[in-house]
Amino acid sequence: QDDMRIALVVKALGIGFFEAAAEGAEEAAAELGNVEIIYTGPTDTTAEGQIEVINSLIAQGVDAIAISANDPDAVSPALQRAMQRGITVVSWDSGVNEEGRMMHLNPSSTPLIGNTIIKLAADHMPDGGQVAILSASATATNQNAWIEAAEEVLPNYPGIELVATVYGDDLSDKSYREAQGLMASYPDLKAIIAPTTVGILASCQAVSDADKIGEINVTGLGLPSEMAGCVVSGATESFAIWNPIDLGYSATMIAHALATGAATAEPGAEIPTGRMGSVTLDDTNTAAMSDPFTYDASNIDQFKDIF
Amino acid sequence: MTDTTRFIPDRLQSPLERRLKSWETLLLAVAVSIFIVNSFTSPYFLNAWNLSDMTFNFTEKAMIAFAMALLIIAGEIDLSVASIIALASTAMGAAVQIGIGTPGLVLIGLGVGLICGAFNGFLVTKLGLPSIVVTIGTMSLFRGISYIILGDQAYRGYPSDFSFFGQGYVFWVISFEFVLFAIIALIYFVILHNTNFGRAVYAIGNNPVGAEFSGIRVARVKFILFLLTGLMSGVAAVCLTSRLASTRPSIAFGWELEIVTMVVLGGVNILGGSGTIPGVVIAAFVMGLVTFGLGLLNVPGIVMSIVIGLLLIGVIALPRLWEKWKS
Amino acid sequence: MLMETDQKSAPTGAEPKVPVLALREVTKTFPGVTALSEVSLELFPGKVTALVGENGAGKSTVVKIMTGIYQPNGGQIEIDGSPVHFPTAQDAGDVGVTAIHQETVLFDELSVAENVFLGHAPRGRFGLIDTSAMMDHSREILDGIGASIDPRTKLKDLGIANKHLVAIARALSIDARVVIMDEPTAALSQKEIEELYELVEELKAQGKAILFISHKFDEIFRIADSYTVFRDGALVGNGAIADVTEAELVKLMVGRDVSQIFPNRERNTGDEIFSVDGYEHPTEFADISFTLRRGEILGFYGLVGAGRSEFMQALFGITRPSSGKVTIDGEDAIIRSPADAVGKGIVYVPEDRGRQGAITTLPIFQNVTLPSLDRTSKNGFLRLAEEFKLAREYTERLDLRAASLDTDVGNLSGGNQQKVVIAKWLATQPKVIILDEPTKGIDIGSKAAVHEFMAELAAQGLAVIMISSEIPEVLGMSDRVIVMREGRIATEVTGEDMTPETLVRHAAGI
Amino acid sequence: MPKQIFTSREFLLTGAIVLLLAIIATRFPAFIAPSNLANVFNDTAPLILLAIGQMIVILTRCIDLSVAANLALTGMVVSMINVAVPGLPVPIIIFVSVAFGALLGMVNGILVWKLEIPPIVVTLGTMTIFRGTIFLLSEGKWINAHEFSEPFKAFPRTELLGLPLMSWIAIAAVILFSVVMSRTTLGRAFYAAGGNPHAATYAGIDVGRTQFWAFTISGALAGLTGYLWVSRFAVAFVDLAGGFELSVVAACVIGGVAIMGGIGSVVGAMLGALFLGIISNALPVVNISPFWQLAISGSAIIIAVALNAQANREKGRIILKRAENAT
Ligand SMILES: Nc1ncnc2c1ncn2[C@@H]1O[C@H](COP(=O)(O)OP(=O)(O)OP(=O)(O)O)[C@@H](O)[C@H]1O
Ligand SMILES: Nc1ncnc2c1ncn2[C@@H]1O[C@H](COP(=O)(O)OP(=O)(O)OP(=O)(O)O)[C@@H](O)[C@H]1O
Ligand SMILES: [Mg+2]
Ligand SMILES: [Mg+2]
C-alpha cells in the first residue's frame with residue numbers, strides 16, 4: 001500500500017497514440033520507483049464511459065488521475081468529486097475545463113500546432129490553392145483549439161484557402177467517407193489537413209483509392225509507425241507530431257510531483273518533468289510540453305519502429 | 001361426469017410458493033452472489049461511499065427501464081429513449097442560454113420527454129405502425145434534431161442549484177438520484193401490480209385483440225405507456241444533464257440497448273405479457289454490481305458488456321437447457 | 001408386397017384387404033394431458049372412414065400424427081403393413097398421406113400455385129423451382145375440383161371459400177393414397193359442400209383411402225362406409241356405418257344418452273329494450289334496422305360470409321358504422337369502442353374464442369373480472385379477494401369445470417372456455433348479449449348446456465341475439481329470426497313462418 | 001400484370017430514389033455523373049450486403065442486431081490472420097471470412113432454434129459478446145493500414161470493367177439471392193416460415209431450422225462484409241461499424257420489408273440501402289451540414305414505414321355488392 005497509484009485515463013483504449021503514451025507513463029513510473037500505473041479508459045470515445053471509469057478510480061482511492069478528456073465539461077463534475085476526495089487530477093493532451101483539474105499539460109503550444117499544420121500544407125503548395133480540414137469529433141477540445149489557431153494564422157499564407165472543416169469522429173470509416181466527400185465537393189482541392197492520427201490515415205487511404213496521389217497532399221498529425229506507408233506511397237509529403245511517449249512520461253511526472261506535494265499547481269509554478277526538463281504554468285494553469293516535430297521521407301524509417 | 005356443482009379452489013399454489021419458484025428469486029440469488037464475489041475480489045467494494053457511487057451506474061437507466069418494462073409487457077417497445085434524453089437535455093441547455101432558472105429547466109426537460117413520448121404514441125396507436133421500427137426512426141430523428149441545434153457545440157452554464165438532481169445527496173451517502181429511483185420503482189410497482197391500469201397492461205400484452213373485445217381501451221393504454229416512457233426519459237435527462245453539467249448531442253448514446261437489456265434481464269418477456277417490477281429492480285442492481293465490481297478491478301467496459309451479454313443469454317438459456325436435459 | 005394378414009391389434013378386423021395406413025396402439029401426451037391413449041385405426045383403399053368424437057376427443061391429434069406434425073409417444077404407424085416414421089409433414093407427404101386440416105393452414109403472401117405446391121414444387125434446371133410447370137399443374141388441379149382461380153393471384157386476395165378450395169387443391173397436389181379431411185365442411189356453404197361430397201366419391205372411385213372427421217351426423221351417414229368413435233382420447237367403438245344408428249353413435253361419443261331437443265322456454269317477452277335504426281357501413285353492411293325486447297332470443301341466420309359478424313362487431317364498437325342509430329332503454333347510445341358498448345350494457349361473445357373471446361394466457365378469474373374491474377377495485381386499486389368472489393359467483397352459476405380459478409384459460413376445454421367468456425360478460429350485468437356462433441365446434445354434450453343456458457338468460461330478462469348457421473339451432477332457440485344476405489336484412493320471420501325452407505330461400509336469395 | 005409492377009414497392013422506391021437524385025442534381029449536378037453514382041454504389045455495397053442478410057432474417061420473423069458486431073469480429077479475425085500470415089492468398093481469406101461469419105450466425109441460429117430464445121434477446125446478447133471478444137483478441141489494439149499486406153488491401157479496390165470488385169460482389173449477391181429467394185425451396189421456406197409459421201409446420205417446413213439458416217446466411221454475409229470493410233478502410237478495431245446494425249434494419253424497412261415477417265424482396269433491400277447511401281453521400285456535397293443527416297434518415301424511416309403500412313393495410317371484407325362494384 002506504499003505504492004503510489006497514478007491512473008492514466010485515455011479517450012479510448014486501443015489507439016496507438018495512447019498506447020505509446022502509456023509506455024511513457026510506465027517509463028516514468030520505473031524511474032520514480034514505488035509508482036503503479038493504471039492505464040484505463042472507455043472502449044469508445046464517450047464522456048459517459050470516462051465518467052464510469054473515473055468513478056471506479058475514485059472508489060479505489062487512487063492517488064492521482066491524469067486524463068485526456070473526451071469532453072471538457074461532462075467529465076468535470078466527476079473529476080471535481082475526485083479532487084474533493086483528495087485525488088490529484090491533471091489533464092493532458094485533451095483538456096478539462098478549469099474547475100475539473102489542477103493543471104493541464106498541452107503537448108505543445110496551441111498556436112504552434114495551428115501554425116504547423118497550415119505550414120505543412122503550404123510548404124508543398126507553391127502556387128497556393130484550396131485546403132480542407134478533417135478533424136476528429138466535434139467535441140474534441142484540443143482539435144478545436146488547433147483549428148482555431150490555424151485559422152488565425154491563415155492570413156500569413158496568401159493563396160491558401162481553407163474551404164471546409166469536417167468531422168470524422170476518430171472513426172476510420174467515417175473519416176474515410178468525409179475525405180471522399182471533400183474530394184467530390186472540391187475537385188480542385190490541393191491538401192487535406194487532418195490533425196488527428198485516425199483522420200490522417202483514413203484520408204491517406206481515401207486519396208490513394210481515388211488515385212489522387214500527387215494531386216492532393218494529406219498532412220496533419222500522425223504517428224510515424226502508422227504513417228510510414230503513406231509517406232512511401234507519396235500520399236503524404238510530410239506530417240508532424242510530438243512524441244506521445246514523452247507526453248505520457250511528462251504527465252506522469254507532473255501528477256507524481258503534485259500528488260507528493262513536491263510541487264503545487266498555481267500560475268507561474270515550474271514543475272520538473274524528469275528527463276524532459278520542466279514546464280511552467282500560465283494563468284489558466286496550463287503548460288506546453290514541446291514543439292511538434294516534422295517527419296518526411298528522409299527520416300520516417302528512423303522513427304517508424306519507435307512509436 | 002357428475003352434474004352437481006363442484007367447488008373450484010381460488011389457487012392451487014400459494015402465492016408464497018409461486019414467488020419462491022419465480023425468476024426474481026433466481027435473479028436475487030445471482031445478485032447476492034455477485035455482491036459476495038465483489039467483496040472478496042476488491043478491498044474497496046464494501047465502502048458506503050463507493051456503494052453509493054455504484055448506484056449512479058444504473059439509477060438513470062433504471063428509471064426509464066421501469067416505464068419500458070410496462071411498455072414491453074404491453075407488447076410494444078421504445079428504442080428512442082436515449083435520443084429523448086438528448087433532445088430534452090438540448091432543450092434544457094437552450095433554455096439556460098436565455099436565462100431560465102432551475103424549476104423552468106426541470107419543467108422543460110419533462111415536457112420535452114412527454115412531447116416525444118406523445119409523438120411515438122401517436123405514430124404507434126393512431127397510425128398503427130410497429131413500434132420497433134417507428135422508434136428506430138424517432139431514435140434518429142430526436143437525436144438528429146439535437147445535432148441540428150447543437151452541431152459541434154455544447155451547452156453549459158447550468159445554474160448551480162441545478163446540480164442537485166444529479167450530484168446532490170439527501171442523507172449521508174444516499175444520493176438524490178437513488179431516492180428518486182426508489183420512489184419511482186415503488187410507484188411503478190403499485191401501478192403495474194396493484195391497479196386496474198396494470199391489469200389492463202398485462203391483458204393487452206397477452207392478447208391485444210382479446211383485451212379490446214373485453215372493453216379495454218387498448219390504444220389509450222398504449223398511448224399512456226408511451227407518454228410515461230417519454231416522461232421517464234425526461235426525468236433521466238434532468239438527472240444526467242445535472243450530473244454532467246453540460247449537454248452535447250451525443251449524450252446517453254447507446255443507452256436504449258442497455259435499458260432493454262436491463263428489462264429483459266429482469267424477467268420481462270420481450271414478446272409481451274409477463275414481467276414484474278421487482279425483477280427489473282434486481283436486474284438494475286445486478287448490472288450495477290457487475291459493472292462496478294469489474295470497474296474496481298480496472299476491467300475495461302467492453303469486457304463487462306461480455307459479462308452482461310452472457311448473463312442475458314445465460315439466465316434465459318440455462319433453465320431451458322435444464323428442462324431439455326431433464327426430459 | 002407380401003404382408004401377414006392377421007392383425008392382432010385391429011379391434012374388428014373383418015376387412016378383406018391390408019390397410020393402406022394403420023395406427024397401432026398409438027399414444028400421445030402433452031404436458032398434463034393425454035390426448036390419445038393406445039388408439040388403433042385402419043384405413044382401406046376406396047373406403048371412407050368417419051372419425052367422430054366430442055371436442056377434445058383427440059381427432060385432430062390423430063390427423064397430426066398421421067401427417068408427421070406430431071410424433072407419437074408410443075405405438076406405431078404402418079403403411080401397407082410395415083412400420084414407418086414421419087419426422088416431418090414432408091415425410092408423410094412423400095408416402096402419399098395428405099390432409100385438409102381443421103384450420104386453414106395457408107400463406108397469405110404467397111401465390112395460389114405456391115400454396116398448392118409449397119414443399120414439393122416441380123424442379124427444373126439446376127434444381128431450381130420450375131415456376132411455369134407449377135402454374136400449369138395448379139391450374140389443372142384447381143380445374144379438376146371445379147374452382148376457377150388464377151394460380152398467380154396472391155392467396156390474400158381470395159375469399160374464404162376459395163381459400164378452402166386451395167387447401168383442398170393442396171391436399172390433392174401430391175399423388176395421395178390417403179386423404180384425411182378434418183371438418184372440411186365447417187366453413188363451406190351448402191353448394192360447396194355438395195361439390196365436396198362429389199369429390200369424395202371421385203377419390204373413393206380412384207381407390208384412395210379417406211378419413212373423414214365431422215360433427216355433422218347427416219353427412220357422416222351420407223358418405224362414410226365405416227366409423228370410428230373416440231372418447232377422451234381412447235377408442236370406444238368402430239364398425240360399418242350401415243350397422244349403426246345416429247343415437248347409438250351419440251351414445252358412444254358421449255357415454256350417455258343425449259337428446260337433441262332444445263330447452264322448452266316460456267316465451268313471455270317484455271318491453272322493448274333495444275333498437276337499431278339504419279345501420280350502414282361502406283363495404284360491409286347496409287340499411288339494418290330492428291328492435292329487441294327483454295327476454296327475447298333473436299336469431300340471426302345467413303350463409304357464412306353474409307356479414308352477420310361484421311354487423312354485430314359494429315354494434316359492439318369494434319368497427320365504426322358510417323351512419324345509423326342505436327337506442328337502449330329508450331336512450332340514444334353512442335358506441336365508438338367496445339368499452340362504450342359494455343358501458344351501455346351491450347356485450348358480445350365472439351365466434352373466435354381463442355383470439356377474441358378469452359385471453360387464454362391469463363387465469364380464469366382475471367378473464368372474468370377484466371371488464372368489471374371498476375366494481376371489484378377501489379379507486380383504481382385492485383382487490384384480489386373481491387375479484388375471486390365475483391369470478392366464483394359467475395363461474396359457479398355456469399357450472400365451470402376447472403382445477404382452480406387461477407388456472408390459465410388456455411388449459412380449459414373449448415366448452416369451458418366459452419363458459420369463461422360468458423361468465424365475464426354476465427358479471428357486467430348486461431342488458432343485451434350477442435352470441436356469435438356460440439356452439440360452433442362444440443360437441444353435442446356441451447352444446448345442450450349452452451342452449452340451456454341461453455334459455456335461462458332470456459328468462460332472467462336479458463335480450464339475447466344469437467348468430468347461428470345451423471338451422472335446427474336457429475329454429476329451436478329463437479323467438480324471431482332475421483335472415484341476412486350480402487350485408488343486408490333479407491327478411492324477418494316469426495311464428496309460423498319460421499321454417500327451414502323460408503330461411504334457406506332468403507339466405508340464398510332464391 | 002403491368003398494374004402490379006407499377007404499384008409494387010420496388011417500383012415506388014425506385015421512383016423515390018430517382019426523385020431524390022433529381023433534387024440533389026439541381027444543387028450539385030456532378031453528383032449524378034455516372035462515375036460518382038458508381039462511387040456511391042460502391043460505398044453502399046457493405047450496407048447492401050448486410051441488408052440482404054437482414055432481410056432474410058426479418059422475413060422469418062426474427063431480427064439480427066449482431067450483424068455489425070459480427071462484421072467487426074470477423075474483420076478483426078481476418079486482419080489478425082493477415083498480420084500473422086501475410087502471404088495467405090486472398091481467396092482463402094475470403095473463404096475464412098464467410099465461414100467464420102456463418103459460424104457466428106449459426107450461434108445465433110442455434111439459440112433461436114434449439115432453445116427458442118427470442119431473436120432480439122439472443123442477438124442483443126451476442127452483439128455485446130462479439131464486440132467484447134474483439135477486445136479480448138486484439139487487447140484493444142487497432143490494426144492499421146501499414147500492417148496489412150498489399151493484396152489484402154487491394155482486393156476490394158481492384159477494378160473489373162470499370163467497377164471495383166466490391167461493387168461486383170454486391171451485384172453478384174443481389175442476383176444470387178434473388179434467385180435463391182424466388183426459385184429454391186429454402187428461399188420459399190423463408191417466406192412461408194415468416195408469413196405463417198403455423199401453416200409452415202403443416203407444410204413440412206421446420207420453422208426453427210429455417211430461422212437457423214436465415215441467421216447463418218446473415219452471418220456469412222456479415223463475415224464477408226467484415227473482410228471487405230477492413231480491407232477497404234485498411235483498419236480493424238473494436239468499434240468498427242459501431243451502431244451500423246440500425247442502419248441495416250433501417251435499409252430493410254425503407255426497402256419495404258415487413259418487420260412482422262413474410263414480406264420483402266432482395267431488390268427492395270438493395271434499394272432501401274441505396275436510398276440511405278445516397279443521402280449520406282449527398283449531404284456533404286450539397287452543403288447541408290452533416291449534422292442534418294441523422295434527422296433526415298430518421299424521418300425517411302418513419303415515412304417509409306407509414307407508407308408501407310398504408311399499402312399493407314387490410315382492406316376489410318367487402319360484403320356489399322355495391323361496394324364490390326365501386327372498387
Ligand atoms: N399442442 C397441444 N398442446 C397441449 N394440448 C393439446 C395440444 N393439441 C391438442 N391438445 C389437447 O389434446 C386433446 C385432443 O385435442 P384434439 O384437437 O385432437 O381434439 P379434437 O377431437 O380434434 O376436438 P375438436 O372437435 O374440437 O376439433 C385436447 O384435450 C387438447 O386440449
Ligand atoms: N375472405 C376471407 N378471408 C379470411 N377469412 C374469411 C374470409 N371471409 C370470411 N372469413 C372468415 O370466415 C368466417 C365466417 O365469415 P363471416 O364472419 O363473414 O360470416 P358471417 O356471415 O358473419 O357469419 P358467421 O359469423 O356465422 O360465420 C369468419 O371467421 C371470417 O373471419
Ligand atoms: Mg379437431
Ligand atoms: Mg362471422
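These figures come from a predicted structure and were not determined experimentally. The sequence lines fix the lettering, A, B, ..., with proteins before strands; numbering per chain opens at 1.
Per-residue counts of heavy-atom pairs under 4.5 Å with chain B were compared for D/Leu124, D/Ile301, D/Leu65; the largest is that of D/Leu124. Ranked by heavy-atom pairs under 4.5 Å with chain D, the list B/Leu312, B/Leu141, B/Val134, B/Ile306 is led by B/Ile306. Per-residue heavy-atom pair counts under 4.5 Å with chain B were compared for D/Ala250, D/Cys252, D/Gly243, D/Ala306, and the maximum is reached by D/Ala306. Most heavy-atom pairs under 4.5 Å with chain B, from the set D/Ala300, D/Ala295, D/Ser299: that is D/Ala295.
Looking at every heavy atom in both residues, B/Glu24 comes nearest to B/Ile282 through O-CD1, 3.7 Å.
Residue contact with chain B, scored on non-hydrogen atoms closer than 4.5 Å, involves the backbone and the side chain of D/Leu294 alike. For chain D, the nearby parts of B/Val133 are the backbone and the side chain; heavy atoms of each come within less than 4.5 Å. Both the backbone and the side chain of D/Glu116 come within less than 4.5 Å of a heavy atom of chain B. Contacts between B/Ile270 and chain D at a heavy-atom distance below 4.5 Å involve the side chain alone, from C-beta outward. The part of D/Ile63 that comes within reach of chain B is its side chain, from C-beta onward, which places non-hydrogen atoms under 4.5 angstrom from that chain. Only the side chain of D/Ile259 comes within contact range of chain B, with heavy atoms under 4.5 Å apart. Neither the backbone nor the side chain of B/Met304 comes within contact range of chain D; no heavy atoms are under 4.5 Å apart. Proximity to chain D involves both the backbone and the side chain of B/Leu257, based on heavy atoms less than 4.5 angstrom apart. In this structure, the portions of D/Ile129 lying under 4.5 Å from any heavy atom of chain B include both its backbone and its side chain. For D/Val305, the parts lying near chain B are the backbone and the side chain together; criterion is any non-hydrogen pair under 4.5 Å. For D/Ile117, the parts lying under 4.5 angstrom from a heavy atom of chain B are both the backbone and the side chain. Using a 4.5 Å cut-off between heavy atoms, D/Leu111 contacts chain B through its side chain alone, with no backbone atom that close. Looking at D/Met260, there are no atoms closer than 4.5 Å to chain B (heavy atoms on both sides), in backbone or side chain. In this structure, the portion of B/Leu123 lying under 4.5 Å from any heavy atom of chain D is its side chain and not its backbone.
Applying the side-chain hydrogen bond (donor to acceptor under 3.5 Å, both in side chains) rule to pairs touching residues 293-317 of chain B yields A/Gln60-B/Asn298, sequence neighbours excluded.
Contact check on B/Lys222 versus B/Glu76 returns a salt bridge, with a Lys/Arg side-chain nitrogen under 4.0 Å from an Asp/Glu carboxylate oxygen.
If you check the side chains of B/Thr135 and B/Ser80, you find no donor sitting under 3.5 Å from an acceptor. Judged purely by distance below 3.5 Å, without hydrogens or angles, the side chains of D/Thr123 and D/Asp64 never pair a donor atom with an acceptor atom. Inspection of the D/Glu10 and D/Ser265 side chains reveals an N or O donor paired with an N or O acceptor under 3.5 Å. Between the side chains of B/Ser131 and B/Asp78, no donor N or O sits under 3.5 Å from an acceptor N or O.
Geometrically, B/Lys126 engages B/Phe223 in a cation-pi contact defined by less than 6.0 Å to the ring centre and at most 45° from the axis.
Between D/Phe212 and D/Trp113, the ring planes are tilted. Angles from 30° to 60° get that label.
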D/Thr210 and D/Asp206: CA distance, side-chain angles, deciding distance, side-chain hydrogen bond (donor to acceptor under 3.5 Å, both in side chains) verdict:
CA-CA 6 Å; D/Thr210 313; D/Asp206 184 333; 5.9 Å; no
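With a 6.0 Å radius and a threshold of 12 heavy atoms from other residues, nucleotides or ligands, D/Arg209 has its CZ atom at or below the threshold.
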